[in-house]
Number of protein chains: 2
Amino acid sequence: MRNAVGAKRIVTDEACMTKLVAPTPEAGSKPAQILAAAGALFLENGYGAVSMDAVSKKANVSKATLYAHFGSKDELFRAMVACECASSALNGVWDKATALPAAEGLRMIGLEFVTFVLSAKALAAHRVVLGEAHRFPELARAFYEAGPALTFGRVNAYLEDVNRRGELAIPDIDMATHQYFGLIKANLHMKLLLCLTERPSDLTIQRFVDAAVDLFVKGYAPPAP
Amino acid sequence: MRNAVGAKRIVTDEACMTKLVAPTPEAGSKPAQILAAAGALFLENGYGAVSMDAVSKKANVSKATLYAHFGSKDELFRAMVACECASSALNGVWDKATALPAAEGLRMIGLEFVTFVLSAKALAAHRVVLGEAHRFPELARAFYEAGPALTFGRVNAYLEDVNRRGELAIPDIDMATHQYFGLIKANLHMKLLLCLTERPSDLTIQRFVDAAVDLFVKGYAPPAP
DNA sequence: GTCTATAAATGGATAGAC
DNA sequence: GTCTATCCATTTATAGAC
């Protein structure tokens, strides 16, 4: 049933780990319509509350067509997540950040990161993947690898660099990256995931990023000479 | 359909905000059996993937009995969440922490908090509530109020105290509490929510708490006199 | 490839006996 | 209060015509 014919979007590499392969089909094609509809519906309502009927209607496509392209609801869900993961790379920040003093670089990275992570789309994606993490563990892993893990690695490298330059004195880079992630998201991420508050203003976000960077930089300041 | 007869578990106060009322029925009674079964199933599989049939079977109860006690699947879900929220108060830590120096108090609070938050049950609860936050926004709010919000308030009060004593110099208590939450959970919480790793050992947890407190205390250390 | 129509199963919820 | 048996809507998935 799973991985039916034509389901090339999930592949398994030698390490036996599912990965998300760039799935975006030509714009305007039926698969694209379907994925768009599935994205909207799944992200809005979650896996269980969305029927294939609803997807086919929203995509202006018959159910038979839907099943011709995606062999099952599972597969459609996986493809949709893969599709939504495409835009999470935070491209372009890293080079610019490297040229700046640590505090400024961290501020820039943080602002970019938190703006993305608190966006409606990213929040919805987190919600739906988290909600189904038990039943789709490989998907959850693939989601993490395709998004947060990349950023984690980049921040890690950045901190290593800053450390080498002597701007900060970080004994455990990996731990510091963990902390930076936590600090940047603070409690805002969870509150927004729970739909407890509207998306904060840009000013508020800036305040949180500034506070996070201040604390981080002060906490990891090299000892005075 | 909702809030049918006998559905006293969700009430609405004057401010029009749903709250979770202590719902634990006598142990051994049918409602208790049902709630236990519902808890196990919903927390394991999520809302959509669990049928009332499955709940009734797991509870060794007929579906009619199930519906006699809980008017609908929604209501059962709400009652289950309310029931699972009962044990999240972290009682007892606060008085002890107040008697300690700031770093030690924060360490103790953090250890208790993170141990709870990373427990299998708390993680499962977060997953299922997050997954349905769109469709049950009042439930998500009630969940937050019954758990995280309480802890947030306590930490806030604790930091205010520490600040007044002059042990730390915190310009914005609310922001600092946000940061403490973030630091303590670091990226571990998300990774565990995504089922990406086994529950870390007590030693690992301690390492994260220690690192968080070190950074926090150093970052908010009062200026040298 | 795409559609209409339908099969087959499962789900939430209820009726009526005890 | 509890059970057995059942109704009816919805859902996933497919068959067969164009």
Side-chain angles (χ1 to χ4, degrees), chain A residues 1-9 23 25-38 41-42 44-80 128 131-132 135-136 139, chain B residues 1-10 23 25-38 41-42 44-81 128 131-132 135-136 139:
Chain A
M1 196 87 79
R2 290 181 181 184
N3 291 330
V5 187
K8 301 260 178 51
R9 277 167 199 88
E26 313 135 62
S29 66
K30 299 268 165 165
Q33 287 176 44
I34 295 171
L35 278 175
L41 290 174
F42 279 133
E44 177 78 16
N45 304 106
Y47 180 83
V50 173
S51 71
M52 294 297 260
D53 230 9
V55 174
S56 76
K57 253 181 225 163
K58 176 132 193 165
N60 281 110
V61 157
S62 78
K63 274 209 287 185
T65 303
L66 205 174
Y67 276 97
H69 290 277
F70 304 92
S72 70
K73 189 180 177 183
D74 275 26
E75 195 188 317
L76 177 60
F77 184 63
R78 293 180 150 88
M80 180 279 290
V128 72
E132 304 299 328
R135 291 164 3 95
F136 298 90
L139 184 66
Chain B
M1 196 85 80
R2 289 182 182 183
N3 290 333
V5 187
K8 301 258 177 53
R9 276 167 199 86
I10 297 287
E26 313 136 62
S29 65
K30 300 267 167 165
Q33 286 176 45
I34 295 171
L35 278 176
L41 290 174
F42 279 132
E44 178 78 17
N45 305 107
Y47 180 83
V50 172
S51 69
M52 295 296 260
D53 233 7
V55 175
S56 75
K57 254 183 224 164
K58 176 132 191 163
N60 282 111
V61 157
S62 79
K63 271 212 287 186
T65 302
L66 205 174
Y67 275 97
H69 289 278
F70 305 92
S72 71
K73 190 180 177 183
D74 275 26
E75 195 189 318
L76 176 62
F77 184 64
R78 293 181 150 87
M80 182 278 289
V81 173
V128 71
E132 305 298 329
R135 294 167 356 98
F136 298 90
L139 184 66

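Order of the sequence lines fixes the chain letters, A, B, ..., with proteins taken first and strands second; residue numbering starts at 1 for each chain. Any value given below was found using the heavy atoms of this structure, including those in side chains, with hydrogens, waters and symmetry copies removed. Source: prediction; values computed, not measured.
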Please determine, for the side chain of [X], which listed nucleotide ([options]) has the closest atom?
X: B/Lys73; options: C/dG12, D/dT4, C/dT4; answer: C/dG12
X: A/Thr65; options: C/dG12, D/dT4, C/dT2; answer: C/dT2
X: A/Met52; options: C/dC3, D/dT2, D/dT12; answer: D/dT12
X: A/Ser62; options: C/dA13, C/dT2, D/dA13; answer: C/dT2
X: A/Lys63; options: D/dA13, D/dT2, C/dT4; answer: D/dA13

Enter the distance from B/Lys63:NZ to B/Lys57:NZ here, rounded to the nearest 0.5 Å.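 Output value for this atom pair is 9.5 Å.
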Assign the ring pair B/Phe42 / B/Tyr47 to parallel, tilted or perpendicular, where the plane angle (0 to 90°) is split at 30° and 60°.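 Parallel, since the angle between the ring planes stays under 30°.
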Report the distance from atom [atom1] of [X] to atom [atom2] of [N], rounded to the nearest whole Å.
X: B/Gln33; N: D/dT2; atom1: CD; atom2: C1'; answer: 12 Å
X: A/Glu75; N: D/dA13; atom1: CD; atom2: C1'; answer: 13 Å
X: A/Asp53; N: D/dT11; atom1: CG; atom2: P; answer: 7 Å
X: B/Asn60; N: D/dT2; atom1: CG; atom2: P; answer: 13 Å
X: B/His69; N: C/dA13; atom1: NE2; atom2: C1'; answer: 16 Å
X: B/Leu76; N: C/dG11; atom1: CG; atom2: P; answer: 15 Å
X: B/Leu66; N: C/dA15; atom1: CG; atom2: C1'; answer: 17 Å
X: A/Phe70; N: D/dT12; atom1: CZ; atom2: P; answer: 15 Å

If you apply the rule side-chain contact (heavy atoms from CB on, under 4.5 Å), what do you find for B/Met52 with B/Leu76, and how did you get there? CA-CA 9 Å; B/Met52 295 296 260; B/Leu76 176 62; 4.0 Å; yes
With sugar-phosphate meaning primed atoms plus P, OP1 and OP2, does A/Val50 contact a base, only sugar-phosphate, or nothing at under 4.0 Å between heavy atoms? sugar-phosphate
Just checking A/Ser51: base, sugar-phosphate only, or nothing, at a heavy-atom cut-off of under 4.0 Å? sugar-phosphate
Phosphate contact (D/dT14 OP1 or OP2) by A/Tyr67 side-chain N/O below 4.0 Å: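 Answer no for this pair, as no side-chain N or O of A/Tyr67 is under 4.0 Å from OP1 or OP2.
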With heavy-atom distances below 4.5 Å as the criterion, would you say the side chains of B/Phe136 and B/Val81 are in contact?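 No, every pair of side-chain atoms sits at 4.5 Å or beyond.
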Which atoms form the tightest heavy-atom contact between A/Leu41 and A/Val50, and what is the distance?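 Here A/Leu41 and A/Val50 meet closest at O-CG2, 3.5 Å.
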